[in-house]
Amino acid sequence: MSGRSPDTFPRLLLHQAAVRADQPAVREKDLGIWQTWTWGQVADEVRALACGLAEIGFKRGDNLAIIGDNRPRLYWAMAAAQCLGGVPVPMYQDAVAQELLFVLQDAEIKFAIVEDQEQVDKLLEVKEHCPQLAHILYDEPRGMRHYNQHFLHGLDEVQQMGRTHMRNHPEFLDAEIAQGSPDDVAIMLYTSGTTGKPKGVCQTHAAFITAAQSGVDFDSLGPQDDILSYLPMAWVGDHLFSYGQAMVAGFTINCPESGDTVMTDLREIGPTYYFAPPRVFENLLTQVMIRMEDASAIKRGMFQYFMEVARRCGSEILDRRADVALSDRVLYALGNLCVYGPLRNVLGMSRIRVAYTAGAAIGPDLFRFYRSIGINLKQLYGSTETCAAVCLQPDGEIKFDSVGKPVPGVEVKIADNGEVLVRSAAMLKGYYKRPDATAESIDPEGYFRTGDAGFFDGDGHLKIIDRAKDVGKMASGAIYAPNYIENKLKFFSHIKEAVAFGDRREMVCAFINIDMGSVGNWAERRNIAYSGYTDLAQREEVYQLICECVEKANAELSHDAMLCDSQVHRFLILHKELDPDDDELTRTRKVRRGFIAEKYQVLIDALYSGKSSQFIETQVKFEDGRSGKVSADLRIMEAKTFPSQAAKKAA
Amino acid sequence: MLYRDAGQFKDTYAADQQIFPIRQDRIGITLVLLFAFLVVPVIGNQYWLSAILIPFLISALAALGLNILTGYAGQLSLGTAAFMAVGAFAAYNFVLRVPGMPILVSFVLAGIMAALVGIVFGLPSLRIKGFYLAVATLAAQFFVVWALTKFGWFSNFSSSGVISAQTVVILGYPFDTPVRKYLMVLTIVVLMALAAKNMVRSSIGRAWMAVRDMDVAAGVIGIRLMHTKLLAFAVSSFYCGVAGALYAYGYIGTVEPEAFNLDLSFRVLFMIIIGGVGSILGSFFGAAFITFLPILLNTYAEPFAQAIGLQLPAGMVSNLELIIFGALIIFFLIVEPLGLARMWQIAKEKMRLWPFPH
Amino acid sequence: MNWQFFLEVLVGGLLAGVMYSLVALGFVLIYKASGVFNFAQGAMVFFAALTFVSLVERGFGFWVAFLITFGAMVVFGVATERVVLRPLVNQPPITLFMATIGLTFVLEGLSQLLWGSQPHGLELGIEDMPLEWLSQNAGINVSQFDLFAALVAGILVSGLALFFQKTRIGRALRAVADDHQAALAVGIPLQQIWAIVWTVAGFVALVSGLLWGARNGVQFSLTFTALKALPVLILGGFESVAGAIVGGLIIGASEKLAEIYIPEFLNAPLTEAMGVSVNLAGLEIWFPYALALAFLLIRPEGLFGEKHIDRV
Amino acid sequence: MSDGRNIGEVILNLEGISLAFGGVNALQDISFDVREHEVRAIIGPNGAGKSSMLNVINGVYHPQKGVITFHGQTRRNMDTHAAAAQGIGRTFQNIALFKGMSVLDNLMTGRNLKMKCNFLQQALYWGPARREELEHRRKIEEVIDFLEIEHIRKTPVGRLPYGLQKRVELGRALAAEPSMLLLDEPMAGMNVEEKQDMCRFILDVNDEFGTTIVLIEHDMGVVMDISDRVVVLDYGRKIADGTPDEVKSNQAVIDAYLGVAH
């Protein structure tokens, strides 16, 4: 192995353990403090775990299910499986048993490592349908005292077996690691599947290491960096940032204490490198605004004044542009002292050098806000199939509506139908057991069809407008990009979700979900009493509020010649929040437009038939698994539309 | 605003439980101590050192003592001055009567004497609570001053009952100038404050607070109420006793029992109410406040009155002082019962949350 | 031992005790109605006496000065309720106690700021002379003034007892002592009751101030009468009018006896035993406290106090 | 409920306990026992003397008559300190937390009995005292983890909502690693979800640590669900004693308690 650079993850781990044995690799907030493991300790833990797995029969080519929150030992389990030539298959920890079942069967899982009793219970629930599932290992022994099934093992116990195994067969593991090839499958990530059943995307060591290495080089990440690992381990983003890049660059990953304490933990750790989907940034901003509204008038005034300064020149200063007036620079410095610096501090973002967002479009205002207060937030574009590494925004070349330039080594081209095609070393080997799907998604020239529609602008930046298959045509023949419209609406803090309809119709209509936090606070300040979501959503005042938002979005759309016809004419506010548990959203919170259209057909009919209200009753699933009914008489409102500004300008 | 703490994570319990967990606080306290030890002796003149800073430090130590008893253990005492008197006279007598007694040892013994007296007067706390106990400590106040006045032995039969503190010599080095006395007092006060902080953040401190907050529950947990309360009396009196000894040896020089009257007890009580009940830092805030306010009044009331054309009658300022003290006590009890220390804490919290209000 | 002298001392002590009772009564009234241990009672005595004597010296007649002073006490009582008690409602008793210490300072400063700090003599027209009839017939000297003061105190106590028993407000006050909710049910706002009771306590302070002032002169040391009354309270219990009276008598008598006889009997043997000159004179400053404490250790709730059981 | 647990010998026996306050009889000639590892409930209407019973067991009240045998030692009275030292923990009906302290400090106080350093060592905070603090902090963190109160670790208890305060109080009792836990209405005033959580914690304590539980509870559903045996008191007298089913069908109990609409 010596001589050549490490080309599989196990070899990378051994490399890091050799180079920086005593530097922190993993921290976890547990029992009140940040428990720390060095690279040396991590390598040791992984070895013990790998040998333990081998002892209970885990073999080359086996798939290892991993289910749970971001726990160090679950990350180590990935490495341990890879050491033995197996493939880790992380799954979403909040999925219900039935959802897990599909993947368990599809990936022919024999071994599963899970976090705690809750996950064990889910697996036990579906175990009879997975005859091949032979062993379940759990990290947290609490509550497991009375589980005496022979196939259940505590991770401690397995690691202990592993250590004994290591003493008896000291050569075993190194031999296993030496057998690994860069072209072996390193990880299998299931795509959420906006339509149809999930598919297992197989990525090789080489592909993922290439992707990670290019990101690390791009932003000069190094061992001194810290990242907070709190996104689902089954998501390609977390796998790239918390596993791939950490292994390559040798930086420290930090696991929060629990889902409730992410914000506190973020502030404590103060990461230098940060990754979050837009909705996290959005929620943060909403919280900032809500909390500021309770501040004294003086403070609010100061905040607003300096946010205005930041909006004017903040991102320009961050980009080190020369054309910023001296007066603005002075004001910005003052603002940095009074507002931006403290704000970054309370958000836990003081030390951030680079932050990325991806996974969905981010609102320009939102994006601008973070950049203007001095956080180097950038966008990236990629997908599970491309190891989340297609385009990145280089420092100093940030455009709010583009996703940046192709990563070095990645070829991107636009198909005739507008679809973005990608070819690179960091690409899927194939879909698991789905040669048909693999063939369908990779064209004969080796380009992967991303399924997104987009185009390059004059500076070579890629701009994504929608899913290629969603792009349709209005009855008038104008292009119709529902995601684009929905995103425009969702950029308003009061709107949490929007679903637009308009394909092959003469006008666009929309369902809206209000944001409970934001609108709730708005209502409280106006002394509007309400009993819950359904009640609040149907308030006349709330409709007026949302209508203003819709009209603003319409005004913006009217400026774009291509999308002027997509203005929202009529809308309604749904009586319930769209919910992944009701299959209305994917686990990554993308709307399932087709499913929703089918489920709420009566509402769509009402929107297009000119009715002013419509009764609806819906089945819902509660968190505890029970189900019930929600019903309401939904209002439908007309929004103002605007004549095409682009046309006017031309005229 | 400047109080930024993101990224200051703790990876050991030792780091999490240190006295100042936030880096900025550690830097702040270091600067304050450096200033007090290195800069003040250079820039301070005799008036500042002898008339302001030394009495401030001694008051702070006494307040610290009372705070341990009243603030932490919840036992109201009106006899602080008496324990100081015991300390002052004990130190004097140890030095006087034991040949070769090192002065620092005599301070410790003075503290121990005061602690013993404290335990005796703390005994009623086992049966009685609240006002009844406060009245019992008044008995200590009257009895001790009376005894020190009436029994000539304590003052070595000086005709006026006044004792003159001997020169302080530590390891052959005389502490006879204001700067040296200041440094001696400062060192003792800083070390004792640290020890007090250590006690209140350990199990004994938690036992005191448990007794203060809910004595039945404390008993049920297994805290020995008698032991805990008496220890609070002893430790508190020890601090007051050392403060009394420093009063004699570091500040006034000649002391009469009457100097330790009820008025002084009240002043110390005011220090902890204004500074912060149940706070080590608060004892210093309160001592500073009560020490500086009369000086400010005396310095500025007269010129101010003259400036607006008023002639202040004699005693005006001292009566004004009474009214201001009294009103401040009421003000603090109403507005912020936990005193300046709590206000400081809230301000710090606000700085950490800035620009958010909460 | 001279029995006549002993009787003189005893009776003198008992009569002085009545005066203590009078001050203690002020404490008890406020404590009963509002649960506040009013340390400012002594300062109120001082303020009342100083105001009265200053008014008289400025040419006001006795009753005019009396009424004006009483008016001042009413203002003080109402102001205290507004400014101090109301904001501190539901605070622990010890906080209220400390607030009254603050109040003491304010009142002392205010009194001297208004009227100056020189001592004044006060003449009520009764001389502090032995009652001739008694000295002639029994050979015991008992001060006329002390008798007069005891009489006044007796009348005041009876009056207050009647007030509590017979008037609606009085009954409400007693109800408040038992249970604040019950008092609300009587239909009198708590705040009003507190203002009234502070006013009544102010009246008691005024009377005590006149009697004490006439006896010892109106000067700052009048504030110490409060300190004299504390052992009385401990002995008699904070909540009992009867306790205040009995406690006062016991403290008064024992204090005077101790003051005279302890040094007389103990100085010499102690001096001999310890080899240094011992003089126990002046022990009256702490003796009542020691007595009260000793008693307290046996009966923590005082003579007439109610026993409390901690409910958990 | 007892599957997987071994209910052991009698560890606490109360024999003929009578307690009176100034002539009012709170308890009259009450006898019952508690076995190791069991969940023992005491029920009865308000004023039946349930809390007094607990207070007798851990020495807050001293009965006028009767004897208490705990772990083989027979005595007239317990004393609170001795009871705690012998492993009896306790929560109160009206939360009795130390209001001036944080959650962490409240729990640490619960461990006071186990801390051996004297105040001089603590004043120096050097060596043993420091080691002891850190060691016990670790133990406390396990309790925090167990009760899932990580997010409020450093919050002053006064600021917590009622349900969480109850949980912290349980934590304070657990911190001492008691062998027997007396719980006085642990679920009073809680909503359904909080009750479920609390039930789970109590059963977990009983199960994971083998702690014997004596609890007073008004919610009959809860009592019947989680307890092994039930004592029923009424006006200071014992009117029934047995398994939940036996008690439920006892006529005296139905008349005195269950029959009354709640």
Side-chain angles (χ1 to χ4, degrees), chain B residues 70 74 76 78 121 123-124 126-147 149-153 157 214-217 219-220 262 266 269-270 273 277 313-316 318-335 337, chain C residues 31 37 39-40 43 83-84 86-88 91-114 116-117 224 227 230-231 233-234 238 274 276-283 285-290 292-293 296-302 310-312:
Chain B
T70 302
L76 182 58
L78 300 176
F121 283 96
L123 283 171
L126 309 180
R127 295 287 312 257
I128 56 179
K129 292 178 189 174
F131 318 128
Y132 285 100
L133 182 65
V135 174
T137 57
L138 266 183
Q141 175 67 50
F142 294 133
F143 178 79
V144 167
V145 174
W146 174 83
T149 316
K150 285 295 162 189
F151 296 94
W153 187 85
F157 302 101
M214 187 70 72
D215 56 354
V216 177
V220 163
L262 184 59
F266 277 142
L269 179 65
F270 286 4
I273 295 176
V277 175
M316 174 82 161
S318 65
N319 284 322
L320 217 55
E321 193 187 307
L322 283 179
I323 295 179
I324 292 176
F325 275 174
L328 273 173
I329 290 301
I330 296 171
F331 174 82
F332 269 97
L333 288 172
I334 292 172
V335 177
Chain C
Y31 189 83
F37 180 42
F39 196 80
V83 180
V84 183
R86 202 177 290 183
L88 284 174
Q91 293 291 319
I94 217 80
T95 304
L96 284 154
F97 170 62
M98 292 196 281
T100 64
I101 296 180
L103 202 57
T104 308
F105 275 61
V106 173
L107 205 53
E108 287 172 1
L110 194 67
S111 314
Q112 301 189 71
L113 204 62
L114 285 175
S117 39
F224 300 145
L227 299 178
L230 293 182
L233 288 169
I234 293 194
F238 285 157
M274 294 174 66
V276 288
S277 158
V278 172
N279 180 8
L280 294 172
L283 85 174
I285 190 167
W286 56 267
F287 181 80
Y289 283 91
L293 276 182
L296 202 55
L297 292 180
I298 304 160
R299 228 186 113 79
E301 62 277 11
D310 280 331
R311 289 222 31 109
V312 288

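Note on naming: letters A, B, ... go to the chains in the order of the sequence lines (proteins, then strands), and numbering restarts at 1 for each one. Just so you know, these numbers use all the heavy atoms, side chains as well, and skip hydrogens, waters and symmetry mates.
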Determine the minimum heavy-atom distance between [X] and [Y], stating which atoms define it.
X: B/A139; Y: C/L293; result: CB-CD1, 3.9 Å
X: C/F97; Y: B/A134; result: CE2-CB, 4.1 Å
X: B/I334; Y: C/V83; result: CD1-O, 3.3 Å
X: B/W146; Y: C/L283; result: NE1-N, 3.4 Å
X: B/L262; Y: C/L227; result: CD2-CD1, 3.7 Å
X: C/V106; Y: B/G326; result: CG2-C, 3.5 Å

Within-4.5 Å side-chain heavy-atom neighbours: C/L113 and B/I323: yes
Contact class of [X] relative to chain C, heavy atoms under 4.5 angstrom:
X: B/F266; value: side chain
X: B/L269; value: side chain
X: B/F143; value: both
X: B/I273; value: side chain
X: B/I324; value: neither

Enter the distance from [X]:[atom1] to [Y]:[atom2] here, rounded to the nearest 0.5 Å.
X: B/N319; Y: C/Q112; atom1: CG; atom2: CD; value: 4.5 Å
X: C/T95; Y: B/I330; atom1: OG1; atom2: CD1; value: 13.0 Å
X: B/F270; Y: C/M98; atom1: CZ; atom2: CE; value: 10.5 Å
X: C/I101; Y: B/L76; atom1: CD1; atom2: CG; value: 6.5 Å
X: B/I329; Y: C/T100; atom1: CD1; atom2: OG1; value: 11.0 Å
X: B/L138; Y: C/L230; atom1: CG; atom2: CG; value: 6.0 Å

[X] versus chain B, heavy atoms under 4.5 Å apart: side chain, backbone, both or neither?
X: C/L107; result: neither
X: C/F39; result: side chain
X: C/L280; result: both

Over 12 non-hydrogen atoms of neighbours within 6.0 angstrom of CZ in B/F151: yes
Most chain B-contacting option - heavy-atom pairs closer than 4.5 Å, from C/P93, C/P87, C/G109, C/A292: C/G109
Option in C/G116, C/S111, C/P92, C/A281 with maximal non-hydrogen atom pairs under 4.5 Å from chain B: C/A281
Sequence-distant partners of C/P288, side-chain contact (heavy atoms from CB on, under 4.5 Å), two or more places apart: C/P231, C/I251, C/E255
B/F142: ring-ring contact (aromatic ring centres under 6.0 Å, His included) partners, not counting sequence neighbours: C/Y289
